[in-house]
Number of protein chains: 2
Amino acid sequence: MKDMNFGRDLARKGLRNTKHRAAILSILEQSEQPLTAEQVFLELKERGEPANLSTVYRVLDVFTDKRMVKKLNITGGGRSLYEYDRMVHNHHLLCLGCKKILAIGSCPLGDYEKILAEKTDFAIEGHRLDIYGYCPECRREN
Amino acid sequence: MKDMNFGRDLARKGLRNTKHRAAILSILEQSEQPLTAEQVFLELKERGEPANLSTVYRVLDVFTDKRMVKKLNITGGGRSLYEYDRMVHNHHLLCLGCKKILAIGSCPLGDYEKILAEKTDFAIEGHRLDIYGYCPECRREN
DNA sequence: ATGCAAATGCAAACCGTTTGCATATATAAG
DNA sequence: CTTATATATGCAAACGGTTTGCATTTGCAT
């Protein structure tokens, strides 16, 4: 967080340092929540670095390829979310009321994957786990 | 499986017994794999009960509402899959090679959800867990 | 400073899915 | 069995998020 140098991060990944890319990376790095492409697009406008929506998609794609950003499909259908990749394995807890998303650092699947690999003879590469429920605030409200 | 009466199942759910609905339910019930709307559409044609694609979507929606079918978003983006709901909690193991999907009856998340509920004060309602890897056949091939 | 590969803007295409409306059909009432 | 009516279907058009082709601009190596 402190003293981020996104230009250097881009160069390290072999990417050109453009203001849009630096801005998008900054937006995602600073966001508490994963963001949609459109939210990134709108935030760029607010920051005075307006970009075309297709540029936003292209940049997010590149970042995803380079493992700088994670693309999430938590909501199931429709739109994707993007979050800054802090290089930790995590999952997400989604509030069905206010739709807020909490990142969860722990993962209960290590042993299970081993058991599953034995049982099925699959080479397990990974998993997706999202958990949903109602957050304390939303529980209080109804 | 034996002696299925889909017309009766439909009536029990308050749905009219049409040939498309009975056929779609039968197709899903007999399928080893979850199917896309288009696959259902094509199979209907093969069975001599051709339906419009929008009808297929509407029927799948109704079935999903009535909990006769589960709508899956395993692949992340793009298309949804539909599977006959056998009323058991399950997860899916997807082969990244041949894309086949295995249903897994076991679920490792019971205790974890309790712990998470305590830690976060969320009321946990459910979760989504998909696991991916390479099946025995695909492992052998490369 | 300059040349070239890569990034961007713009508009149009894309693809899975949904919708409005006219017609056809299943079911309940007589 | 017939009829009335609510519901299901077909068709074509719209939709929403995302992608793409192409002309223009920009970053960066030289």
Side-chain angles (χ1 to χ4, degrees), chain A residues 5-27 34-42 44-45 47-66 68-82 99, chain B residues 5-27 34-45 47-66 68-69 71-82 99:
Chain A
N5 184 336
F6 297 110
R8 190 196 46 203
D9 293 347
L10 290 165
R12 195 182 290 147
K13 296 282 186 174
L15 297 176
R16 285 194 181 173
N17 179 17
T18 71
K19 59 191 160 123
H20 287 147
R21 286 178 174 177
I24 290 172
L25 205 48
S26 164
I27 287 167
L35 301 175
T36 63
E38 192 181 12
Q39 288 173 319
V40 171
F41 168 81
L42 293 171
L44 281 167
K45 204 178 293 183
R47 295 193 180 194
E49 304 278 4
N52 192 277
L53 186 54
S54 65
T55 298
V56 174
Y57 277 109
R58 277 188 283 228
V59 170
L60 291 172
D61 272 1
V62 173
F63 286 176
T64 303
D65 286 349
K66 299 289 187 186
M68 305 168 81
V69 157
K70 287 184 197 166
K71 183 175 182 177
L72 313 177
N73 279 79
I74 290 179
T75 57
R79 44 186 63 185
S80 295
L81 296 172
Y82 299 86
K99 310 298 180 194
Chain B
N5 184 335
F6 296 111
R8 190 196 48 205
D9 293 347
L10 290 165
R12 194 182 290 145
K13 295 282 186 175
L15 298 177
R16 287 195 179 172
N17 179 15
T18 71
K19 59 191 160 113
H20 288 147
R21 286 177 174 177
I24 291 172
L25 204 49
S26 163
I27 287 167
L35 301 175
T36 63
E38 192 181 13
Q39 288 173 319
V40 171
F41 167 81
L42 293 172
E43 179 62 22
L44 281 167
K45 203 178 294 182
R47 293 192 181 196
E49 304 278 5
N52 193 279
L53 186 53
S54 65
T55 297
V56 174
Y57 276 109
R58 277 188 283 229
V59 170
L60 291 172
D61 272 0
V62 173
F63 286 176
T64 303
D65 286 350
K66 297 289 186 184
M68 304 168 80
V69 157
K71 184 176 181 176
L72 312 177
N73 279 81
I74 290 178
T75 59
R79 45 187 62 186
S80 295
L81 295 172
Y82 299 86
K99 309 301 180 192

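Every chain is numbered from 1 and lettered A, B, ... according to where its sequence line falls, protein lines coming before strand lines. Side-chain atoms are counted along with the backbone in the values below, which use heavy atoms only and exclude waters and symmetry mates.
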Distance, rounded to the nearest Å, where B:Q39 contributes CD and C:dT17 contributes P: 11 Å
Minimal non-hydrogen separation, A:S80 against A:K71, with atom names: OG-CE, 3.4 Å
First encountered from the 5' end of DNA chain C, between B:K71 and A:V59: A:V59
d(CG, B:N52; C1', C:dT25) in whole Å: 16 Å
Between C:dA6 (C1') and A:K13 (NZ): distance, integer Å: 19 Å
Distance in angstrom units between A:D61 CG and D:dT18 P, rounded: 10 Å
B:R58/B:D61 ion pair, N-O < 4.0 Å: no
N or O in side chain of B:T55 less than 4.0 angstrom from D:dA8 OP1/OP2: no
Criterion side-chain contact (heavy atoms from CB on, under 4.5 Å) against A:L35, the qualifying member of A:V40, A:L42, A:L81: A:V40
C:dT17 phosphate, OP1 or OP2, under 4.0 Å from B:S80 side-chain N/O: yes
Spacing between A:R58 atom CZ and C:dC10 atom P, to the nearest angstrom: 12 Å
B:I24 side chain near B:F63 side chain, heavy-atom distance below 4.5 Å: yes
Rounded distance (Å) that lies between atom C1' of C:dC10 and atom CG of A:L53: 12 Å
Least distance between heavy atoms, A:N17 atom then A:A22 atom: OD1-CB, 4.1 Å
Residue pair A:D9 / A:R12, side-chain heavy-atom distance below 4.5 Å: yes
Separation of C:dT17 P from B:L72 CG (nearest whole Å): 12 Å
Contacting residues from residues 15-25 of chain B, given that a heavy atom lies under 4.0 angstrom of DNA chain C: B:R16, B:N17
Whole-Å distance separating the CD atom of A:E49 from the P atom of C:dG9: 10 Å
Residue-phosphate contact under 4.0 Å: B:Y57 side-chain N/O, C:dT17 OP1/OP2: yes
Residue B:S54, side-chain heavy atoms: nucleotide from D:dT18, C:dT17, C:dT19 that is nearest: C:dT19
D:dT30 pairs with, by Watson-Crick or G-U criteria that keep both distances under 3.5 Å: C:dA1
Worked check of side chain to side chain contact (heavy atoms under 4.5 Å, CB included) between B:V62 and B:L15: CA-CA 9 Å; B:V62 173; B:L15 298 177; 3.5 Å; yes
